[in-house]
Amino acid sequence: MNTNFYEQVYEIARLIPKGRVTSYGAIAKSLGAAKSSRMVGYAMRYAGTAHPKVPAHRVVNSSGLLTGKFHFETPEMMEELLAGEGVEVKDDKVVNFKNVFWNPLEEITE
DNA sequence: CGTTTGACTAACA
DNA sequence: GTGTTAGCCAAAC
């Protein structure tokens, strides 16, 4: 299969379980491209155009901050989506980030 | 094909 | 804890 960089990012993003979040850097590391953390976010930018669509709202920065909320249809949608999945969001940040953090490396295990 | 960009991270002040 | 700077790299324009 064509393991495009974007496709890999999307694939992992879809693996994020409900009620859990992860960081861009974590995804980048799972791809073996820890340096390309920005590329992960860059790819997420096209998440809405990707098929199938990816739960970009489950991806936050290393601080658990909803950095990409403004890229959604509405900045508030990201919080709503997370809240709807059981992830509490306070001041644009994920509450108990470490607690809800999901490590893709544990799921990939390849 | 060259330049700009960017939903990041880490390091430093 | 907050602000700024630098490094990073692949895609978009």
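A, B, ... follow the sequence lines: proteins, then strands. Residue 1 opens every chain.
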The residue, A:His57 or A:Lys29, whose nearest nucleotide of DNA chain B is more 5′ is A:His57

For A:Ala47 against A:Ala56, the heavy-atom pair lying closest together:
CB-CB, 4.2 Å

Can you check the [X] [atom1] to [N] [atom2] distance for me, whole Å?
X	N	atom1	atom2	answer
A:Asn61	B:dA7	CG	P	12 Å
A:Phe97	B:dC8	CZ	P	13 Å
A:Leu65	B:dT9	CG	C1'	13 Å
A:Ile27	B:dT9	CD1	C1'	14 Å

If the condition is ring-ring contact (aromatic ring centres under 6.0 Å, His included), which residues does A:Phe97 pass it with, not counting sequence neighbours?
A:Phe101

Does NZ belonging to A:Lys29 count more than 12 external heavy atoms closer than 6.0 Å?
no

Using 30° and 60° as the class boundaries, would you call the ring planes of A:Tyr10 and A:Tyr6 parallel, tilted or perpendicular?
perpendicular

For nucleotides 4-13 of chain C, read 5' to 3', which letter fits each nucleotide if B means a protein heavy atom sits under 4.0 Å from the base, S means only the sugar-phosphate is that close, and - means neither?
---BBBBBS-

Give one of base, sugar-phosphate or nothing for A:Ala28, where a contact means two heavy atoms less than 4.0 Å apart.
nothing

Backbone N or O of A:Ser36 within a donor-acceptor pair of the A:Tyr24 side chain at under 3.5 Å?
no

Rounded to the nearest 0.5 Å, how far does NZ of A:Lys18 lie from CZ of A:Arg58?
8.0 Å

